[in-house]
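Here's the structure, in structure tokens; my notes come after.
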Amino acid sequence: MDRRLALVTGASAGIGAAFARILASHGYDVALTARRADRLDKLAEEISLRYGVETLTVTADLAEPEAPGHILDHLTAHGRTVDALVNNAGYGLAGSYGDTRWEDQKAFIQVMMTAPAELAHRVLPGMAHRRFGRIVNVASLAGLVPGSAGHTLYGATKAFLVKFSQSLHLEAENQGVHVTALCPGFTYSEFHDVNGTRAEAARLPAWLWLGADEVAAAGYEAAEANRPVCVTGAPNKAIAAICKIVPDEWILAFASRNAGRIRRM
Ligand SMILES: NC(=O)c1ccc[n+]([C@@H]2O[C@H](COP(=O)([O-])OP(=O)(O)OC[C@H]3O[C@@H](n4cnc5c(N)ncnc54)[C@H](OP(=O)(O)O)[C@@H]3O)[C@@H](O)[C@H]2O)c1
């Protein structure tokens with residue numbers, strides 16, 4: 001099988017669905033995974049009709065530790081190896097750390113850090129052997145700015161993805177494998193409905209927002225160009241740059257005054 005295959009996690013909505021369409025438009029066959037099988041099947045049908053590529057769907061809950069292995073076993077059973085991996089699945093867990101259940105935080109760490117790290121670890125040797133690979137870890141602007149109250153581990157898990165991507169980028173650059181951390185700011189998707197902050201998010205100015213298609217397109221281009229980190233949109237680039245030069249204490253003081261405007265505690 002000579003055709004290249006892209007595996008996209010969290011492909012049932014938002015940025016993941018947009019990424020799957022973009023990869024297919026560039027000739028990749030696509031493997032779509034998430035928990036909602038009906039959504040995956042619908043997108044797979046749309047993509048194969050529109051772009052004429054092969055599609056596979058794998059229903060999996062990345063909170064289950066066995067999920068990365070099951071997903072890749074399913075692809076192997078279909079005779080396929082992964083040439084591009086988009087670690088996109090994610091969500092926000094509202095609340096202050098001490099008020100949440102450890103089981104929920106543990107599942108969050110599994111989905112946001114362990115599963116992407118395991119998937120990358122499993123596909124990397126094959127990519128290096130074939131001297132071609134693309135790994136995009138969908139992080140966030142939240143991973144580049146100081147922490148905030150509420151949604152406690154969100155920024156921490158995204159900072160992990162940024163550092164992880166930078167290290168992997170350096171390790172893999174001579175193997176034909178491009179690794180990029182994609183850092184979107186506010187993006188139109190189901191994200192804020194899922195974490196219950198749609199009302200807070202709706203009060204933010206329109207210029208802070210980008211569409212999922214624009215974010216995924218920026219991520220695709222950054223991976224092609226082998227950029228280790230890609231921040232989407234001019235306002236987010238400015239925020240990321242400011243956070244590199246302004247002392248963290250100032251930003252934390254600002255965040256303390258505005259606590260609760262975006263995050264739910
Ligand atoms: N939207 C934003 O403002 C924004 C900003 C910065 C970064 N991001 C990041 O972008 C990524 C995509 O988010 P989005 O905005 O596209 O949100 P979304 O529309 O809510 O999509 C999230 C995707 O993740 C999947 N997912 C969630 N939990 C999962 C689990 N336990 N197992 C498997 N799949 C799971 C969902 O599928 P199922 O529910 O079908 O499983 C869905 O396909 C996330 O990593 C998010 O942190 C989003």
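Counting starts at 1 for both ligands and their atoms, in listed order.
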Practice problem: Select one of side chain, backbone, both or neither to describe which atoms of Tyr188 lie under 4.0 Å from any atom of ligand 1, heavy atoms only. | Solution: neither
Practice problem: Using atom types as modelled and distance alone, determine if a side-chain donor or acceptor of Thr152 lies under 3.5 Å from a backbone N or O of Tyr97. | Solution: yes
Practice problem: Please could you name the atoms of ligand 1 that Gly14 approaches to less than 4.0 Å, counting only its heavy atoms? | Solution: 16 (O), 19 (O)
Quiz item: Looking only at heavy atoms, is any part of His192 under 4.0 Å from ligand 1, and if so is it the side chain, the backbone, or both, or is it neither?
Solution: side chain
Quiz prompt | Identity and distance of the protein heavy atom lying nearest atom 28 (N) of ligand 1 | solution = Arg35 NH2, 3.2 Å
Quiz prompt | Per-residue contact class, Ala60 against ligand 1 - non-hydrogen pairs under 4.0 Å | solution = backbone
Practice problem: Return the residue, atom name and 0.1 Å-rounded distance of the protein heavy atom closest to atom 3 (O) of ligand 1. | Solution: Thr187 N, 2.9 Å
Quiz item: When you measure from atom 31 (N) of ligand 1 to every protein heavy atom, which one gives the shortest distance, and what is it?
Solution: Asp61 OD1, 2.9 Å
Exercise. Identify, with sequence neighbours excluded, every residue that meets salt bridge (Lys or Arg N to Asp or Glu O under 4.0 Å) alongside Arg39.
Key: Glu190
Quiz prompt | Residue and atom name of the nearest protein heavy atom (relative to atom 19 (O) of ligand 1), distance in Å to one decimal | solution = Glu190 N, 3.0 Å
Quiz prompt | Sole residue of Tyr154, Tyr91, Phe186, Trp209 in ring pair (Phe, Tyr, Trp, His ring centres under 6.0 Å) with Phe191 | solution = Tyr154
Practice problem: Give the contacting part of Ala67 toward ligand 1: side chain, backbone, both or neither, where contact means a heavy-atom distance below 4.0 Å. | Solution: neither
Quiz item: Do the charged groups of Glu221 and Arg227 touch, with an N to O distance under 4.0 Å?
Solution: no
Exercise. Could you tell me which residues satisfy ring-ring contact (aromatic ring centres under 6.0 Å, His included) with Phe132, sequence neighbours excluded, listed by chain and number?
Key: none
Quiz item: Which residue and non-hydrogen atom of the protein lie closest to atom 12 (C) of ligand 1, and at what distance in Å?
Solution: Asn88 OD1, 3.1 Å
